[in-house]
Structure formats: structure tokens, C-alpha cells
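Written below as C-alpha cells is the structure these notes are about.
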2 protein chains.
Amino acid sequence: MGGLGPTEDDITREVCAEVLGRKLIFDEAAFVRIEERFRRRGRPMPVSNKKQAFVIENAAVLENQNGTAPGMWLTAGGARIALLPGPPPELRPMFEEAVWPGLELLHKGTTARRILKITGLTESDVENRISGLYPDQKNRRLTILASPGQIELHLTAFSQAHPAEAERAVERLAQDLRARLGDNIFSVSGEDLEAVVGRLLGKRKETLATAESCSGGLLAERITKIPGSSEYYLEGFITYSNRAKNSRLGVSWDVLNTFGAVSSETAEAMAAGCREKTGADYALAITGIAGPSGATLEKPVGLVYTALAREGGAEVQKNLFPGKREQVKFQSSQGALDMLRRALGPSEKAESERNGA
Amino acid sequence: MGGLGPTEDDITREVCAEVLGRKLIFDEAAFVRIEERFRRRGRPMPVSNKKQAFVIENAAVLENQNGTAPGMWLTAGGARIALLPGPPPELRPMFEEAVWPGLELLHKGTTARRILKITGLTESDVENRISGLYPDQKNRRLTILASPGQIELHLTAFSQAHPAEAERAVERLAQDLRARLGDNIFSVSGEDLEAVVGRLLGKRKETLATAESCSGGLLAERITKIPGSSEYYLEGFITYSNRAKNSRLGVSWDVLNTFGAVSSETAEAMAAGCREKTGADYALAITGIAGPSGATLEKPVGLVYTALAREGGAEVQKNLFPGKREQVKFQSSQGALDMLRRALGPSEKAESERNGA
């Protein structure tokens with residue numbers, strides 16, 4: 001993987017050909033595709049890109065939909081060799097579409113997988129709840145991946161017999177885990193929290209707006225990562241200064257001066273003001289201290305208030321998030337999204353949707 | 001690295017002790033630090049965390065400032081073994097402070113490094129400009145790392161003689177590259193673009209506000225990644241809908257209807273309106289089509305207008321960014337930040353600052 005680019009230090013193609021004792025052959029079709037890619041962007045093809053059109057003798061050329069470097073797939077000395085571009089957006093689709101299907105033919109047996117994603121609990125909380133559920137058989141595995149604000153449980157089951165057997169085994173384990181962890185699990189299909197929230201909003205045809213202080217736009221950024229989010233996301237405010245909190249969201253100077261920018265009262269007023277100004281069905285607000293500076297004795301780094309306003313009123317959560325600035329920002333956005341998820345009702349896809357995903 | 005956590009699948013400690021034939025010993029001081037960490041967060045220590053206080057016989061305990069798992073440093077069979085926690089925020093400082101200094105004693109010779117960061121050019125552009133500068137000696141190396149919106153040149157020079165010799169060699173190479181690449185280089189010290197812009201704004205005591213459509217908050221998120229950004233960053237608008245562009249930023253319905261939301265005119269009006277509403281010295285605006293949907297024949301995915309408003313007027317750039325939604329968002333934020341960087345003047349730190357960094 002990598003080293004198929006146009007630069008002088010991209011030498012995978014040449015080294016591989018030399019080691020195998022094969023020639024590099026100019027591939028007209030590959031060359032046309034590279035030229036065409038530059039033409040679509042309205043730029044001339046630099047001379048250096050020409051070398052990307054040379055392929056190893058007897059290799060199958062893999063078209064690159066997302067970049068200039070074609071991949072190659074060849075057999076030599078009883079082994080299969082794949083040459084793939086390094087950048088993940090080019091590598092992943094090529095691997096999944098052209099390489100993986102060819103490899104699966106070589107496997108015997110089936111591995112079934114589930115990823116459960118959890119928020120609102122620490123790694124130790126999760127561990128204590130699921131202790132005793134670790135599989136004792138070699139062909140079932142459970143791994144915990146923890147980061148601040150999100151715990152993932154990766155489940156696999158392997159079977160040499162029927163694919164359905166592996167599927168049943170992993171599903172049994174998943175069911176046991178779900179019984180222990182309840183609605184702290186926000187996804188059983190690998191979805192991120194912003195995708196779950198987006199799917200639920202889309203289904204209910206409801207709209208969302210955001211008002212952020214310490215998270216500085218991360219909440220909006222995550223929401224708008226989801227293709228089609230413009231259907232339900234109306235707009236966002238990043239009210240870093242008190243003046244902005246007052247003038248954009250209508251948080252009163254009285255509240256700001258009495259309770260401070262980092263307070264339950266300000267968070268609630270931000271959410272309520274955001275909902276009123278935008279007309280969204282739901283408004284999320286975040287205010288807190290991301291650090292490293294800005295802390296006081298009463299208000300330490302990591303103190304964050306998240307608020308949700310909806311028809312009928314607003315609710316606020318007080319959090320004390322561990323970690324540095326970046327982690328505090330992430331957990332703030334995660335906490336706010338999770339308030340909305342829980343307000344929107346059951347987050348799991350129906351069985352039929354899950355199987356279709 | 002990893003496997004030192006409190007859960008049942010964290011077995012590094014136990015496996016390592018067993019392989020070395022050493023005992024695990026309860027370390028009172030480590031235990032007190034773990035308990036103290038939970039107390040500071042106002043939560044009881046789960047029983048499962050107790051096992052993190054057991055350390056391998058004859059190992060030096062490495063304090064973990066950023067998590068519960070202590071590290072260990074030991075010698076066995078002529079080798080040095082370090083057991084380190086997996087999460088990067090815990091791993092990095094412990095490695096840098098406790099492990100790396102011990103390893104450097106084992107090295108002979110010195111490696112000097114530079115990272116040049118570049119934007120506004122493609123990988124092929126960079127390659128064509130610097131061709132011929134690839135070092136032909138074994139002890140100097142130049143590597144290109146390219147991603148959409150940013151190219152990094154990693155330079156190293158190794159010397160067995162004086163550290164100053166390695167430093168001079170890498171600096172000569174850096175100078176040659178700077179002569180070819182000019183002000184497309186935004187950092188020679190590893191800084192991200194948002195850090196460079198923040199440093200320049202801070203030095204000039206000027207302020208910034210942002211108005212984003214297709215980048216959806218990513219620009220604000222990057223700006224507020226920088227500790228202390230509240231000194232110069234006033235606020236941001238994420239005006240996803242046309243209604244928000246009109247009501248928050250004063251973009252006229254006439255402009256929106258005549259030219260469309262994705263147009264040079266709208267970008268300019270967003271930046272100018274944002275500057276006026278917030279009173280910031282500079283306002284950046286972004287509007288475009290991040291994809292995968294929303295494209296038309298005239299306005300393809302990746303078409304993005306970035307605008308900068310400042311005293312005296314506004315400028316707009318039209319871009320056609322390659323890649324998927326996430327890459328288009330990143331390049332949009334990068335393009336906007338780079339317009340501001342170039343407007344703020346020379347971005348390099350003075351020699352004295354660089355050496356102190």
C-alpha cells in the first residue's frame with residue numbers, strides 16, 4: 001500500500017517489477033483515465049503523473065475512482081500480490097471492491113461481527129455490567145475499545161460450518177450484552193451518534209439547531225458530516241463571547257452576570273433562545289470550560305453544561321469531563337447529541353433495516 | 001502498548017510477568033494515585049481498577065498524569081521493556097517524558113528534523129517544483145506526505161559527528177525547498193494552519209468571526225482547537241439554510257435568488273455581513289457543495305467559494321476541490337484559513353521563537 005504516486009520517492013511499482021523480474025508496460029487505458037481526471041478539474045496533467053500509467057507485466061489493473069494511481073493485482077510464485085494506493089479514500093474502496101472479494105474465496109468458514117456503541121458510561125462501568133459475559137470459547141471474541149465519551153464492544157463469532165451458525169452465535173452474545181447495557185447502547189450496526197440522531201430526525205421530519213460555546217463548532221461539524229443533514233439541520237451559532245450569547249441567542253445580561261457564562265442557567269437560556277430564533281423543533285446548547293485556561297476553583301476544566309430545548313421546555317445536564325481540550329470538546333458534543341437521541345426515542349433500527357444496511 | 005486497563009481483556013501486565021517469571025506486586029503509591037484520580041472526579045473507584053496498582057517485580061513505575069494505568073520500565077535478559085497505556089493522550093506524554101530520554105542514551109549520532117507544511121499546491125505541483133532536490137546521500141532524507149488540502153515535506157539529516165552538523169544539513173535542505181516553494185509553505189515548525197493564523201491574529205491583537213455553509217462548523221472547530229482562541233475568535237454562524245444566510249448575515253434574497261447560495265456573490269455577502277454583524281476585524285465565509293447530493297450540471301460537488309472580508313473590502317476565491325464530503329469540508333476550511341494567513345503577512349516565526357518552540 002502506498003508508493004504509487006507521481007513523485008520521485010514513489011517507487012513501489014518499480015521495486016516490485018524488479019524483484020519479480022518483470023517489465024513495466026505503458027497502459028494506454030490507464031493513461032487516458034489519468035489525463036481525463038485532470039481535464040475534469042480543468043488543469044493540465046503534470047509530466048510526473050505519466051509514470052502512474054506504467055503497470056507490471058501480467059498484472060490486472062484496478063481502476064482508481066478517487067485518485068490518479070491505478071492499483072494492480074497479480075500472481076507470482078504461488079502468492080497473490082496487490083499494489084494499492086496509500087490514501088485511505090483511494091485505498092478503502094479499491095480494497096473492498098477489487099481485492100477483498102478475491103481473498104474471501106480463499107477463506108474457509110465464516111466470521112460474523114457486531115459493533116455495539118455505547119455512551120454515558122465509563123469503561124469501568126461497562127466492564128462491571130458485563131463481567132461474566134466474556135466468551136470462554138475460542139471461536140467467539142469480545143473486545144472493549146474505550147475512548148472518552150464512547151465505548152465500543154467488538155464482537156466476533158467464527159464458524160467452520162454454516163454462516164448462519166456464526167451469525168446466531170454473535171447475535172446471542174449481542175443480546176446478552178444488550179440486556180445488561182440497555183439504552184446506553186446507541187448503535188448495534190456501527191453507526192456514529194450523529195448518524196443515529198440524523199436518522200431519527202429524518203424519520204420524524206423534525207428539525208434541529210445548535211448553539212455552542214466551548215465545543216466551538218464541533219457539534220455542528222459532526223451533525224453536518226452526515227450526507228443529507230441539510231434536510232433537518234437548520235443552522236448553528238458559535239457564541240464564544242458573552243456579547244454573542246446575548247445578541248444572537250437572547251441570553252440576558254442578568255443571567256450572564258449572575259450565574260456566569262458556564263452555568264446551568266446560561267445553557268438553558270442558550271438552548272431556549274436558539275430554538276426560538278431559528279424555529280427548529282429541537283435546539284442543543286453547550287457551554288463549559290474546555291481548558292487549559294479559564295478554570296476557577298468552583299469551575300474546573302471539564303465542567304460543561306449541555307442543554308436541550310423542545311416543545312414544552314428545556315432540560316440541562318451538568319458534566320465533569322476528563323481529559324484535555326480536544327477530549328472535553330468531543331465529550332461535550334457527544335453529551336449533547338445523546339440528550340437528543342434519548343429524547344427522540346428508541347434508536348435501534350428495525351430488524352429489517354439493520355439487515356438491509 | 002495497551003492492555004493495562006481495568007477490564008478482563010487487559011492482560012499485558014499478567015502475560016508479561018508470567019513470561020518473565022516474575023511476581024506481580026501491589027504498589028501502594030500507585031493505588032493511592034488511582035483512588036485520588038477518581039476522588040477528584042467525585043466518583044467511587046470501581047473494584048476492577050484495583051488491579052492497575054499491581055506492578056511487575058523490579059519494574060520502575062511510570063506515573064500516568066492523564067489516566068489510571070501506570071506504566072512500567074524494566075530490564076530483562078539484556079533488553080529494556082516498557083509497558084505503556086494504549087490511549088494516545090496517556091501514551092504520548094509518558095513515552096516522551098519517561099521512555100524516550102532513556103532510549104536516546106543508547107543511540108549513536110544525531111538526527112535533525114524539519115517538517116514543512118504547504119497548502120495551495122497539489123502533490124504534483126510540489127513534486128515538479130522541488131524535483132532535483134531529493135538528497136542523494138544516505139544520511140539525508142526527504143519524504144512527501146500528501147492529503148487533500150495539505151502537503152507535508154518531512155526532512156531528516158543524520159550525523160555521527162556533531163549534532164550541529166545534522167542541524168546544518170537539514171537546514172540547508174530546508175532553505176533550498178523554501179526557495180522553490182515560497183509562501184506556499186505555511187509552517188516550518190510543524191504547526192497546523194489554524195495555529196499559524198491564531199498566532200498571527202494574537203500578535204496583531206485583531207479579531208475573527210466566521211460564517212459557514214457547506215463546511216458546517218469545521219472552520220470554527222479548527223480555530224477553537226487552539227488553546228486561548230477565545231482571545232481573538234468572537235463567534236461563528238453556521239448558516240446552512242438560505243433563510244439563515246438572510247436573517248443572520250443579511251445576505252439579500254435578491255443575491256440568493258439571482259446567483260444562488262453557492263456563488264461568488266453569496267460568499268462575499270456572507271463574509272461582509274458576518275464582519276458587520278460581529279464587529280470583527282476579519283470575517284471568513286464558506287459556501288459550496290460538499291456532496292454527495294446537491295450538485296447540478298453547472299455546480300458540481302466540490303465547487304466551493306471562500307471569502308475574506310476586512311477593512312476596505314472583501315475578496316473571494318472559487319475552488320473545485322476533489323474528494324468526498326469529508327475532504328471537501330476540510331479543503332474548504334483550509335482554503336479559507338489560508339486566505340486569512342496570506343492577508344496577515346509573513347507566517348514564519350522569527351528564528352528566536354522557532355528555536356524556543
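Note: hydrogens, waters and symmetry copies are ignored here, and every other heavy atom, side chains too, is used. Letters go in sequence order (proteins before strands), and every chain restarts at 1.
No other option in A:R243, A:K245, A:E326, A:R40 has as many heavy-atom pairs under 4.5 Å with chain B as A:R243. Chain B forms more heavy-atom pairs under 4.5 Å with one residue of A:T239, A:I144, A:L320, A:V47 than with any other, namely A:I144. Listed options B:S241, B:P227, B:A244, B:A290 were ranked by heavy-atom pairs under 4.5 angstrom with chain A; first place goes to B:P227. Each of B:S230, B:G291, B:G5 has some count of heavy-atom pairs under 4.5 Å with chain A, and the biggest count is that of B:S230. No other option in A:P88, A:P89, A:P87 has as many heavy-atom pairs under 4.5 Å with chain B as A:P89.
Expressed to the nearest 0.5 Å, how far OG of B:S48 lies from CD of A:E123 amounts to 8.5 Å. For the atom pair CD of A:E235 and OG of B:S247, the computed distance is 5.5 Å after rounding to the nearest 0.5 Å. For the atom pair OG1 of A:T224 and CD1 of B:I238, the computed distance is 7.0 Å after rounding to the nearest 0.5 Å. With rounding to the nearest 0.5 angstrom, the CG atom of B:N128 is 8.0 Å from the CG atom of A:N49.
When every heavy atom of B:S124 is checked against every heavy atom of A:P46, the shortest pair comes out as CB-CG, 3.4 Å. The two residues A:Y233 and B:Y240 come nearest to each other via the heavy atoms O-CD2, 3.7 Å. Across all their heavy atoms, B:G217 and A:A220 have their closest contact at CA-CB, 4.5 Å.
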So A:S229 and B:R325, side-chain contact (heavy atoms from CB on, under 4.5 Å) or not? Walk me through it.
CA-CA 12 Å; A:S229 47; B:R325 186 174 180 87; 3.3 Å; yes
Trace of the side-chain contact (heavy atoms from CB on, under 4.5 Å) decision for A:N66 with B:K324:
CA-CA 9 Å; A:N66 306 294; B:K324 300 236 158 100; 3.8 Å; yes
Steps toward side-chain contact (heavy atoms from CB on, under 4.5 Å) verdict (B:D9, A:L142):
CA-CA 8 Å; B:D9 69 346; A:L142 169 60; over 6 Å; no
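Heavy atoms of other residues, nucleotides or ligands lying less than 6.0 angstrom from CE of B:M45 number more than 12. The local environment of CD in B:E14 is crowded, with over 12 non-hydrogen atoms from other residues, nucleotides or ligands closer than 6.0 Å. For B:R141, the CZ atom is loosely surrounded, since the number of other residues' heavy atoms within 6.0 Å does not exceed 12.
The main-chain N or O of A:E8 is found under 3.5 Å from a side-chain atom of B:E127 such that the two form a donor-acceptor pair. Judged purely by atom type and a 3.5 angstrom limit, B:R248 has no side-chain atom pairing as donor or acceptor with the backbone of A:R248.
With a threshold of 4.5 angstrom between heavy atoms, B:L133 does not approach chain A through any atom at all. A:I226 touches chain B through its backbone: at least one of N, CA, C or O sits under 4.5 Å from a heavy atom, while the side chain does not. Both the backbone and the side chain of A:T278 come within contact range of chain B, with heavy atoms under 4.5 Å apart. Proximity to chain A involves both the backbone and the side chain of B:K277, based on heavy atoms less than 4.5 angstrom apart. For B:T68, no part lies under 4.5 angstrom from a heavy atom of chain A. For chain A, the nearby parts of B:T7 are the backbone and the side chain; heavy atoms of each come within less than 4.5 Å. Both the backbone and the side chain of B:S131 come within contact range of chain A, each with at least one heavy atom under 4.5 Å from a heavy atom of that chain. B:Q327 touches chain A through its side chain: at least one heavy atom from C-beta onward sits under 4.5 Å away, while N, CA, C and O do not. Contact of B:P322 with chain A is made through backbone and side chain together, with heavy-atom distances under 4.5 Å.
A salt bridge links A:K329 and B:E221; the closest N-O separation between the charged side-chain nitrogens and carboxylate oxygens is under 4.0 Å.
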